[in-house]
A.B. asks: 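Just dropping this structure here.
Whatever order the structure lists them in is the order used to number ligands and atoms, beginning at 1.
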Amino acid sequence: MCAIVGVFGSTEASRVAYYSLFAMQHRGQEATGICSSDGKKLSKVKKKGLVTEVFDEEALGHLVGDMAIGHNRYSTAGSKSVIDAQPIYANYKLGEIAVAHNGNLINGENIKKMLIDEGAIFQSDMDTENIIHLIARSHKEHLKDRIIEALGVIKGAYCLVIQGRNKIFAIRDRYGVRPFALGQLEDGGYIVSSETCAFDLVGAKFIRDVRPGEMIIFDKAKEGFESIQLFEPDPRICAFEYIYFARPDSVIEGKSVYAVRQEMGRAMARENPIDADLVIPVPDSGVSAALGYAKQSGIPFEMGIVRNHYVGRTFIEPTQARRDMKVKLKLSPINSLLKGKKIVVIDDSLVRGTTAKRIIKILKDSGAKEVHMCITSPTIEHPCKYGIDTPSYKELISANKSVEEVRAYIKADSLSFLTIKSLVKSIGDERKYSLVSFDGNYFIK
Ligand code: 5GP
Ligand code: MG
């Protein structure tokens, strides 16, 4: 996942980056960083922890200048040490540079091996460090051409912000797998960020999405920004952004995430009508879809399970034992509401089955008569290699069990998933999506 932001030509650049990262905390909670530039030198702060923990007035005071880039980390490639926090910074032939990356390179290991064979020394485990090495080793005169050369070598899903002393480059891969939006700030500056929810917080006006295959250049020596179409676009935005990652108040490629999620719930209700007393969401990820299911079916919506907001996402603790514990800490039922009822419970996705199994136990323990689990995405049968932290085949329950076997495992009275076709229809079937977790079509070769 991860979130990136770039702010250019703003009197409060690092503060705008800070608010933007705060708005996108859901995309990564492990580490965060901002690198700013005042045209003469780059200043940087990065650390493990949440945005509000890492940055204080002192840190923001240190991050001077009218340009800044920032990053929230959710580890997909690399380890969990602070060395693996971004932006990555280096000093090379042309001076200082910083890079922040959202996505995953598929040939990162090969490039790294090649670079190490040639004598490169790596500071981190992140595939993003390859990009800095490639830029530093290029023989081109200008940073722009060095970046273009590096982009010719890397393959995968990426949104990048690259900052030199006087310029910011914003780049999106030709498939546009991860979202990336461009906006204008009230003070005339520009912002690029992973999600538009950041714009709402900092008062930026949405201009458009960064185009798949596009490089946008913000340059202090020039008015406005320059756009170069580097690669032929073949748009396939990640369907999982709509299903789970993005915040419901974000708009991705012209579609409201909230509206799309409701439509997924409606599709589930149409395809899978259930005779039930209540529709309840798994909070928070199932809320929008459960509303859609309730509206379409006419079955009343209730918040039958309450979430404790002071517990992080269940995936953060890596061991299975801790994960079970965390679900318990996080969710608790409203017993009086559930007793004797036939319940449709909606969640956005089922990965290992941990959440669903626990939820069903909670509901049954509360006296629910029937529990019908509806997952408003298809079965996840393949690991994503394009920037989502899905586990290996071994851990993906739907890669190893049939729907009926999963139903028995989670002890639901019934279990349904959306089909790939109805997922695509819910988002909008006029264009293509990255659906690798569902169809195993690893289209980036
Ligand atoms: P499970 O418990 O089946 O392993 O995972 C399903 C739950 O995890 C769902 O409630 C879903 O909202 C959430 N989820 C799905 N994908 C991700 C992810 O990439 N990261 C995190 N933190 N949670 C996820
Ligand atoms: Mg969830």
Side-chain angles (χ1 to χ4, degrees), residues 1-3 24-30 72-77 80 102-104 157 177-178 238-248 257 261 264-265 280-290 303 305-309 311-331 345-363 373-401 403 405-407 409-412 415 417-418 423 434 436-438:
M1 312 223 249
C2 302
M24 298 190 289
Q25 186 77 78
H26 60 287
R27 297 183 71 86
Q29 303 90 25
E30 205 176 288
N72 284 340
R73 175 162 179 82
Y74 184 113
S75 69
T76 47
K80 301 203 165 179
N102 173 209
N104 230 20
V177 178
R178 306 262 74 90
C238 169
F240 227 82
E241 292 282 350
Y242 290 102
I243 295 167
Y244 172 78
F245 289 153
R247 242 170 62 165
V257 172
R261 283 184 194 161
M264 289 167 182
I280 69 165
V282 175
D284 293 325
S285 54
V287 173
S288 314
M303 290 296 291
I305 302 167
V306 172
R307 173 171 169 189
N308 182 331
H309 280 271
V311 186
R313 288 185 167 181
T314 49
F315 272 48
I316 290 173
E317 292 297 333
T319 66
Q320 188 64 34
R322 288 294 293 277
R323 211 154 18 233
D324 293 342
M325 172 72 189
K326 273 220 160 177
V327 180
K328 278 192 241 174
L329 288 170
K330 190 165 138 181
L331 302 168
V345 53
I346 309 266
D347 203 2
D348 67 292
S349 59
L350 191 133
V351 183
R352 299 176 178 86
T354 317
T355 308
K357 192 180 169 84
R358 180 65 206 166
I359 288 277
I360 289 159
K361 183 162 186 328
I362 287 173
L363 296 173
M373 187 85 213
C374 294
I375 305 290
T376 53
S377 63
T379 49
I380 298 178
E381 298 178 30
H382 307 270
C384 174
K385 295 180 186 167
Y386 305 149
I388 304 180
D389 187 25
T390 38
S392 63
Y393 280 106
K394 215 175 81 206
E395 291 171 272
L396 288 174
I397 193 166
S398 294
N400 299 290
K401 291 187 197 296
V403 173
E405 285 166 342
V406 177
R407 185 208 59 76
Y409 171 77
I410 65 174
K411 299 196 164 73
L415 170 64
F417 293 88
L418 274 191
L423 165 71
S434 173
V436 280
S437 313
F438 313 118

A.B. asks: Does any N or O atom in F240 lie less than 3.5 angstrom from one in ligand 1, N or O only?
C.D. replies: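 Min N/O separation from ligand 1 is not below 3.5 Å for F240.
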A.B. asks: When the ring centroid of Y393 is compared with that of H382, is the distance short of 6.0 Å?
C.D. replies: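 Under 6.0 Å, so yes.
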A.B. asks: Please work out, at 4.0 Å between heavy atoms, whether the side chain, the backbone, both, or neither of S285 comes within that distance of ligand 1.
C.D. replies: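 Under 4.0 Å from ligand 1, S285 contributes side-chain atoms alone.
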A.B. asks: Got M373 and D347 here, is their nearest side-chain heavy-atom distance under 4.5 Å?
C.D. replies: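 Sidechains of D347 and M373: in contact.
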A.B. asks: Answer yes or no: is there a side-chain heavy-atom contact under 4.5 Å between L423 and I243?
C.D. replies: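 They are in contact (side-chain heavy atoms under 4.5 Å apart), so the answer is yes.
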A.B. asks: Give the contacting part of D348 toward ligand 1: side chain, backbone, both or neither, where contact means a heavy-atom distance below 4.0 Å.
C.D. replies: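 Only the side chain of D348 comes within reach of ligand 1.
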A.B. asks: Within less than 2.8 Å of the Mg ion (ligand 2), any N, O or S from T355?
C.D. replies: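 Within the cut-off used here (under 2.8 Å), T355 places no N, O or S atom near the Mg ion (ligand 2).
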A.B. asks: Considering distance alone, does some N or O of G353 sit under 3.5 Å from an N or O of ligand 1?
C.D. replies: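 It does: an N or O of G353 is found under 3.5 Å from an N or O of ligand 1.
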A.B. asks: V345 and side-chain contact (heavy atoms from CB on, under 4.5 Å): which single residue from I362, I375, L363 fits?
C.D. replies: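 Checked I362, I375, L363 against V345; only one passes side-chain contact (heavy atoms from CB on, under 4.5 Å): L363.
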A.B. asks: In ligand 1, which numbered atoms sit nearer than 4.0 Å to a non-hydrogen atom of L350?
C.D. replies: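 Checking each atom against L350, I get 3 (O).
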A.B. asks: Go through ligand 1 atom by atom and flag the ones less than 4.0 Å from a non-hydrogen atom of F245.
C.D. replies: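 Heavy-atom distances to F245 below 4.0 Å select 19 (O).
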A.B. asks: Just so I know, are the side chains of R352 and I397 near enough to count as touching, which here means a heavy-atom distance under 4.5 Å?
C.D. replies: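 Side chain of R352 against side chain of I397, heavy atoms only: no contact under 4.5 Å found.
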A.B. asks: Numbering the atoms of ligand 1 from 1, which are under 4.0 Å from a heavy atom of R352?
C.D. replies: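 So the atoms of ligand 1 that pass are 1 (P), 3 (O), 4 (O).
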A.B. asks: Pick whichever of T355, D347, I388 has a heavy atom sitting closest to atom 10 (O) of ligand 1.
C.D. replies: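 Answer by nearest heavy atom: D347.
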A.B. asks: Could you check whether any side-chain heavy atom of L331 comes within less than 4.5 Å of a side-chain heavy atom of R358, counting everything from C-beta outward?
C.D. replies: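 Side-chain contact under 4.5 Å: no.
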A.B. asks: Check whether any side-chain heavy atom of V436 lies under 4.5 Å from a side-chain heavy atom of K385, and answer yes or no.
C.D. replies: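 The answer is no; the side chains never approach within 4.5 Å.
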